[in-house]
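For this chain, numbers begin at 1 and follow the sequence in order.
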Amino acid sequence: MRYRRLALKYHPHSKSPPGAYERFSELGEAYDVLSDPRKKATYDKFGEEGLKGGIPPESAANGAWSSGYVYHGNPDKTFRQFFGGDNPFADFFTPDGTEANIDFGGLRGRAVKKQDPPIERDLHLALEDLFYGCTKKIKISRRVMNEDGQTSSIKDKILTITVKPGWKEGTRITFPKEGDQGPNNIPADIVFIVRQKPHPRFTCRNDDLIYTAHISLEMALTGFSVEVETLDGRLLNIPINDIVHPQYSKVVTGEGMPLSSSPSARGDLIIQFTTHYPEKLRAEKKLLLKQALAM
């Protein structure tokens, strides 16, 4: 363990270099913090400022140390607690008799920084936004390190998202390292995930638009025309000359969503049908219907 070797190296009873006691005290404080999971959690997230100044109780929900930390100031006490009264200098040298040389830092010089987990947020967009494309500006508030490298403050930032025509539900937009900054962490990536708002006329299926027309049984059997207002405001008049059975759908080529890889190309418009049947028929109409269908 690094504390064992360096505490032995800088212990006042060893042949220690100048300034060893100050280094020995720093090592004791570092071990006192890093060996305690609650103190370590606070230091990893909020740095030395948060550890010693205290953090709000709501920020300590993950078990962090919420009260201000003060080292007891007795590195020899930490040293004895660690070694438990055994001869601490027995393991100071390597098997060939040379002094071990292992790097270890105090609170300011430790640990490889790790990146915080991504922060994911939904980006709700109207179908028209996905059809035409648009620009969205989103304000975030995040913790930013001050110039001293130890203290921090909360600052706002505007993130700009350029929505491209043809983006689909689930498209992910990543802003690298725009999360909270800290002295001992790499800021998290902020990820926005496209969610399509419900539309009154259409639903999407890949690059196709789905439209549902409500028709009567008479229309299903005899033919009709269906009018569809497109997302860009045109009115399509589509003749239906086939018999509309329950699995029937009409495909209108090139009237769907733009393709994100090639916005000049389009998917299809698929018209589905819901047929409404009469609740009752008089006897003479049933007879006429039977005669017509028997022909």
Side-chain angles (χ1 to χ4, degrees), residues 118 120-138 160-174 191-295:
E120 296 186 350
R121 296 289 183 267
D122 289 341
L123 177 65
H124 295 276
L125 297 173
L127 187 56
E128 287 80 0
D129 293 333
L130 299 173
F131 183 83
Y132 288 108
C134 64
T135 299
K136 297 290 184 181
K137 295 183 180 294
I138 301 173
T160 300
I161 299 175
T162 302
V163 178
K164 296 181 180 179
W167 273 9
K168 299 178 180 64
E169 173 95 6
T171 298
R172 300 169 69 90
I173 309 100
T174 301
V191 182
F192 292 96
I193 304 172
V194 170
R195 303 298 181 200
Q196 182 199 317
K197 297 178 183 178
H199 193 272
R201 298 194 306 278
F202 300 106
T203 57
C204 271
R205 186 169 65 202
N206 298 322
D207 297 313
D208 298 330
L209 286 172
I210 312 299
Y211 178 84
T212 300
H214 293 263
I215 62 174
S216 67
L217 179 59
E218 175 195 353
M219 295 167 69
L221 296 175
T222 62
F224 59 99
S225 292
V226 60
E227 291 186 342
V228 180
E229 182 182 355
T230 64
L231 289 172
D232 54 4
R234 292 174 295 118
L235 190 62
L236 302 179
N237 191 294
I238 302 153
I240 307 296
N241 298 315
D242 304 318
I243 292 177
V244 178
H245 53 78
Q247 288 75 41
Y248 179 85
S249 62
K250 179 70 172 180
V251 177
V252 184
T253 304
E255 290 292 351
M257 293 292 289
L259 277 60
S260 58
S261 58
S262 178
S264 60
R266 301 269 290 273
D268 297 330
L269 170 64
I270 300 176
I271 305 175
Q272 298 176 341
F273 300 90
T274 297
T275 302
H276 296 274
Y277 292 83
E279 294 183 0
K280 57 181 65 176
L281 287 173
R282 294 196 302 270
E284 58 270 24
K285 286 192 174 181
K286 289 182 181 180
L287 179 59
L288 291 173
L289 186 58
K290 286 181 180 180
Q291 292 173 348
L293 294 176
M295 295 177 67

Point to revise | CD/Glu218: more than 12 non-hydrogen atoms of other groups inside 6.0 Å | key: no

Exercise for review: For the pair Arg234 and Glu229, find out whether any cationic side-chain nitrogen is under 4.0 Å from an anionic carboxylate oxygen.
Suggested key: no

**Study point:** Note: Asp129-Lys136 ion pair, threshold 4.0 Å (strictly below)
**Key:** yes

**Study point:** Among Val251, Thr253, Leu236, the one residue meeting side chain to side chain contact (heavy atoms under 4.5 Å, CB included) with Leu269
**Key:** Leu236

Check your understanding: For the atom pair OG1 (Thr203) and CD (Gln196), what is the distance rounded to the nearest 0.5 Å?
Key -> 8.0 Å

Practice item. Tell me, with the steps shown, if Val252 and Val228 meet side-chain contact (heavy atoms from CB on, under 4.5 Å). Key: CA-CA 11 Å; Val252 184; Val228 180; over 6 Å; no

Practice item. Provide the closest heavy-atom pair for Ser249 versus Gln272 in the form atom of the first, atom of the second, distance. Key: CB-CG, 4.4 Å

Review point. CD1/Ile193 to CD1/Ile173 distance, rounded to the nearest 0.5 angstrom?
Key: 8.5 Å

Practice item. For residues Pro118 and Val191, report the shortest heavy-atom separation together with the two atoms involved. Key: CB-CG2, 4.3 Å

Check your understanding: Less than 4.5 Å apart, any side-chain heavy atom of Met257 and any of Phe131?
Key -> yes

Exercise for review: Evaluate side-chain contact (heavy atoms from CB on, under 4.5 Å) for Tyr132 paired with Val163, printing each intermediate quantity in order.
Suggested key: CA-CA 9 Å; Tyr132 288 108; Val163 178; over 6 Å; no

Check your understanding: Looking at CG of Asn206 and CG of Asp208, how far apart are the two atoms once the value is rounded to the nearest 0.5 Å?
Key -> 7.0 Å

Review point. For Gly254, does its backbone N or O pair with a side-chain atom of Asp268 as donor and acceptor, under 3.5 Å?
Key: yes

Point to revise | Over 12 non-hydrogen atoms of neighbours within 6.0 angstrom of NZ in Lys164 | key: no

Review point. Does the pair Ser225 and Ile238 meet the rule for a side-chain contact (heavy atoms from CB on, under 4.5 Å), with working shown?
Key: CA-CA 5 Å; Ser225 292; Ile238 302 153; over 6 Å; no

Study note, to complete from the structure: So CG of Asn237 and CD of Glu227: to nearest 0.5 Å the spacing works out to 5.0 Å

Practice item. Can you see which heavy atom on His199 is nearest to which on Leu231, and at what distance? Key: NE2-CD2, 3.6 Å

Point to revise | Asp242 with Lys250: basic N within carboxylate O range, under 4.0 Å | key: no

Point to revise | Derivation of the side-chain contact (heavy atoms from CB on, under 4.5 Å) call for Leu281 and Leu289 | key: CA-CA 10 Å; Leu281 287 173; Leu289 186 58; 4.2 Å; yes

Check your understanding: For atom CD1 of Ile243, is the number of surrounding heavy atoms from other residues, nucleotides or ligands below 6.0 Å larger than 12?
Key -> no

Review point. Is the backbone N or O of His124 less than 3.5 Å from a side-chain atom of Arg195, with the two atoms forming a donor-acceptor pair by type?
Key: no

Point to revise | Nearest-0.5 Å distance that lies between atom CZ in Phe192 and atom CZ in Arg172 | key: 12.0 Å

Check your understanding: Do you know which two heavy atoms are closest between Pro258 and Asp207, and how far apart they sit?
Key -> O-OD1, 4.2 Å

Exercise for review: Any chance you could measure Phe273, atom CZ, to Met219, atom CE, to the nearest 0.5 Å?
Suggested key: 9.0 Å

Practice item. Taking Thr171 for its side chain and Trp167 for its backbone only, find out whether a donor-acceptor pair lies under 3.5 Å. Key: no

